[in-house]
Amino acid sequence: MNLVSQVFASLTALIHIVVGLVERFGCTRPAVRVFLTKSAADAPEVTVWRSGVAVYNVLLGLGLVAGVIALHTGDTTVGRTLIFYLCAFLIASAVLFWVSFPKLWQGALSQGVPPAVVLLAAAAA
């Protein structure tokens, strides 16, 4: 896997880990809710949903970290498999997110473009 793919896999991991932590621990702040959803509104019943999405984002990011580590410790098959699967998953999720919530297109781009670069760069190598 080439350097561009590895850098963008790491960037994708960082984005998802940071966003997951912000979703989980920062959403009591209206400014964070506006950043994530374009609305300062909050509802107690959304907390369960938000916590689940936060964990999902962190685990996806950690999976990508595991893939990059596997590449560098000699287990290239595991590393490539993790990275390719998780990037395809994130791209599909980004498309569905954009279709479901078109006003939040920036979030969909943040979720989908870096993993798309990973797959494109890997295919070009």
Visitor: Quickly, which of P115, P114, S5 forms a side chain to side chain contact (heavy atoms under 4.5 Å, CB included) with C87? Name it, please.
Guide: P115
Visitor: Kindly say whether V68 contributes a backbone atom to a donor-acceptor pair with the side chain of Q6 at under 3.5 angstrom?
Guide: no
Visitor: With a 4.5 Å cut-off on side-chain heavy-atom distances among I, L, V, M, F, W and Y, is there a chain of contacts connecting F25 to V19?
Guide: no
Visitor: Nearest 0.5 angstrom please: D75 CG to I69 CD1, how far?
Guide: 12.5 Å
Visitor: Ignoring hydrogens and geometry, is there a side-chain-to-backbone donor-acceptor pair from S100 to F97 under 3.5 Å?
Guide: no
Visitor: Can you get from L96 to W98 by hopping between Ile, Leu, Val, Met, Phe, Trp and Tyr side chains that sit under 4.5 Å apart?
Guide: no
Visitor: Do you know the tightest heavy-atom contact between A54 and E23?
Guide: CA-OE1, 3.2 Å
Visitor: Is there a continuous path of hydrophobic side-chain contacts, each under 4.5 Å between heavy atoms, that joins V18 to V58?
Guide: no
Visitor: Pick out which of V65, N57, L11 makes a side chain to side chain contact (heavy atoms under 4.5 Å, CB included) with H16.
Guide: N57
Visitor: With clusters defined by side-chain heavy atoms of hydrophobic residues (ILVMFWY) lying less than 4.5 Å apart, directly or transitively, does V117 cluster with L119?
Guide: yes
Visitor: Show the nearest heavy-atom pair for residues A121 and V4, with the distance to one decimal.
Guide: CB-CG1, 3.6 Å
Visitor: Do L120 and L3 belong together in a cluster built from hydrophobic side chains that touch within less than 4.5 Å?
Guide: no
Visitor: Kindly give the heavy-atom pair with the smallest separation between Q111 and S93, and that separation in Å.
Guide: NE2-CB, 3.1 Å
Visitor: Is it the case that more than 12 heavy atoms not belonging to Y56 sit under 6.0 Å from its OH atom?
Guide: yes
Visitor: Is T76 reaching over with its side chain to a backbone N or O of L71, donor-acceptor style, under 3.5 angstrom?
Guide: no
Visitor: Once you round to the nearest 0.5 Å, how far does CD1 of I91 lie from CG of L86?
Guide: 11.0 Å
Visitor: What's the separation between atom CZ in F8 and atom CG in N2, rounded to the nearest 0.5 Å?
Guide: 11.0 Å
Visitor: For residues A108 and A94, report the shortest heavy-atom separation together with the two atoms involved.
Guide: O-CB, 3.4 Å
Visitor: Rounded to the nearest 0.5 Å, what's the gap from CG on L90 to OG1 on T12? Could you check?
Guide: 7.0 Å
Visitor: Within this structure, what is the CG-CG distance for the pair L59 and L64, rounded to the nearest 0.5 Å?
Guide: 11.5 Å
